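Have a look at the structure below, then the notes.
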Amino acid sequence: MLAVAELYKRFAALEVLSGFSLTVPRNGFTALVGPSGCGKSTFFDLLTGVVAKDRGQISWLGEEVDHLCGVASYMQQKDLLLPWLSLMDNALLPVRVGKGVRKGEEEKARALFRRLGLEGFEGYIPGKVSGGMRQRCALVRTLMFERELVLLDEPLSALDAITRRSLHSVLLLLQTEFKKTLLMITHDVEEALLLADEVVVLSQAPMKIRERFRLTSAKPRKITDPELMGMKEHILEELQEELNHDAV
Amino acid sequence: MMRSRWVSLALILVILIVWEGYCRLFQVPDYILPTPSAILEISVTRTSLLLPHAAVTALEILLGILLSLMVSIPLAVMMFSHPSIEEAVSPFLVASQSIPVFALAPLLVIWLGYGIASKVLMAAIIIFFPITVSLLEGFKNCGSEYVVLFRLMGAGFWTRMRLLYWPWALPYFFAGLKVGVTVATIGAVIGEWVGSQQGLGYLMIQSNARLRVDMVFAAILWLSLMGLGMWKLVNVLERRVIRWK
């Protein structure tokens, strides 16, 4: 279980986090949605250790850590593939940086390429393939990290609607097939409702949990499900309120 | 591309024709301004004289490039890894650039002699600055998200240098190298002017003293062709190394 308790962070006069707490169960999938500028990104920066927290605890599987560097893998909106390496070499990067590439690792990467529909493109450089394929490759790289916890920072928001839809099922694989624990930031309420077990609606800074929705229906879900549509409407209204609140 | 090439060719041709015509029309003596055709002729017919001198100058430039790489690459890496070193060193770097190499040439010849060493050092001093600065700029330009990604992988500084910063900075490095090789000839030739027994700069000074202005021009022509050749060479090298652009 990932547990964050009483996290504080302030930048000069701006209080971004003031006692923020959150838990994600092992092999769970939690999505955070919030108005832009609410502090989601800062929260992830604190988790990854890019920015130091002022106060608070972060723990993974009951063990307290300073940050999740070395614990979690991370996937962003940008695929962050190195343009000079082939897709295969990009995917193997975590292994290469770590203990060095062994035969088994390459086999594993090949299997993942097959699983994610990238077979035959192992030798291509990122500049020669589509955005969707690049993001799939970034996903293979994320899986090569061998870390149970995966942080997703708007991983699909740079992609077009059709590609995004096909990648939703790939993200679901992370939970079902690869038994990862996932924490995702997204702007896309539909995406959150389709993928997550729990959707957390955030308030404006200082960031607080405004409401949380537990979703128990089986995946893959359809957004046309009346229950989901009701929730979507509700969440969008809440986000709207947060924005208006901020404007006043 | 093709069109601009034709335009530049036409421009050169026009200049040469005007030059040739002027010299012939006003019967300008050879020792003041020789005609382009005479320069071209002597450049080709006296290859046996020009070639050994050109080879010496080329060697000086090549060694100068190697020497400056040996200093500027480690220095750029050091300045990048320790910002305090950058802060300490960069004022000296900038100040060193405001000293004209012409002023250093006589000193270097006194210290290192009339041989090749003083010219190599002159060339190296000129090349060193653009390479160091552009390489450092390239390292710094590396996207911070990539650095975060590498940190999450548990990569230390040297791993990041090998797999991330260095390849990232290569286009910058080549930009600096291109500037470097084109100006390197200046360093070598000035060194040869001040004191030497061989090289295109030496040939220029000797010919100038004997009013063989045509030979001076021939040496200049060879020199500029050498500069062009090296620039092309770096371009070819760049395209081989940087395949992803």
Side-chain angles (χ1 to χ4, degrees), chain A residues 41 44-51 65-87 89-101 123-129 134 137-138 141-147 149-155 158, chain B residues 1 69 72-73 76-77 80-84 131 134-178 233-245:
Chain A
S41 301
F44 263 36
D45 284 348
L46 296 181
L47 289 183
T48 52
V50 174
V51 174
V65 286
D66 262 349
H67 46 67
L68 298 171
C69 216
V71 176
S73 56
Y74 188 32
M75 191 170 154
Q76 295 188 17
Q77 183 180 342
K78 290 197 202 166
D79 51 65
L80 297 184
L81 298 179
L82 299 178
W84 52 85
L85 293 182
S86 68
L87 293 188
D89 285 334
N90 264 295
L92 287 172
L93 208 53
V95 193
R96 220 162 123 190
V97 167
K99 46 197 187 277
V101 182
Y124 281 59
I125 59 167
K128 297 270 183 237
V129 301
R134 281 204 295 274
C137 179
R141 183 183 59 197
T142 307
L143 288 167
M144 293 305 290
F145 261 100
E146 292 285 4
R147 289 180 192 160
L149 180 62
V150 179
L151 303 176
L152 302 167
D153 186 354
E154 301 190 35
Chain B
M1 184 61 207
L69 287 182
S72 60
I73 294 175
V77 171
F80 178 60
S81 63
H82 297 90
S84 56
I131 292 182
S134 49
L135 196 55
L136 183 61
E137 208 50 52
F139 290 152
K140 284 182 180 173
N141 184 275
C142 182
S144 59
E145 310 102 318
Y146 285 91
V147 180
V148 173
L149 180 75
F150 270 77
R151 285 225 170 107
L152 280 171
M153 289 182 211
F157 177 79
W158 291 107
T159 308
R160 293 205 299 276
M161 179 51 75
R162 189 164 51 89
L163 295 173
L164 179 65
Y165 301 134
W166 176 252
W168 189 282
L170 272 177
Y172 294 78
F173 170 74
F174 275 104
L177 190 59
K178 273 189 242 177
L233 204 69
V234 175
N235 267 302
V236 169
L237 202 66
E238 180 184 24
R239 252 181 312 217
R240 289 222 154 188
V241 173
I242 304 171
R243 293 230 182 103
W244 60 91
K245 288 246 157 149

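Note that the structure is predicted; figures quoted are calculated from it, not measured. Throughout, protein chains are lettered first and strands after them, A, B, ... in sequence-line order, and every chain is numbered starting at 1. Computed from heavy atoms alone, side chains included, the values below leave out hydrogens, waters and symmetry copies.
Only the side chain of A/Ile125 comes within less than 4.5 Å of a heavy atom of chain B; its backbone N, CA, C and O stay farther away. If you measure heavy-atom distances from B/Leu164 to chain A, the contacts under 4.5 Å come from both the backbone and the side chain. For chain B, the nearby part of A/Leu68 is the backbone; its heavy atoms alone come within less than 4.5 Å. Neither the backbone nor the side chain of A/Leu151 comes within contact range of chain B, judged by heavy atoms closer than 4.5 Å.
Taking each heavy atom of A/Val97 and B/Gly154 in turn, the nearest pair found is CG1-C, 4.2 Å.
In this structure, the separation between NE2 on A/His67 and CG on B/Leu152 is 9.0 Å, given to the nearest 0.5 Å. For the atom pair OH of A/Tyr74 and CZ of B/Arg151, the computed distance is 13.5 Å after rounding to the nearest 0.5 Å. Here CD of B/Glu145 is found 3.5 Å from NZ of A/Lys78. Values are rounded to the nearest 0.5 Å.
The most heavy-atom pairs under 4.5 Å with chain B, out of A/Pro126, A/Pro94, A/Gly49, A/Ala72, come from A/Pro94.
Side-chain atoms of A/Leu82 and B/Tyr146, non-hydrogen and from C-beta on, do get closer than 4.5 Å to each other. You'll find the side chain of B/Met153 reaches within 4.5 Å of the side chain of A/Arg141, heavy atoms only. Looking at heavy atoms from C-beta onward, B/Ile242 lies out of side-chain contact with A/Trp84 at the 4.5 angstrom threshold.
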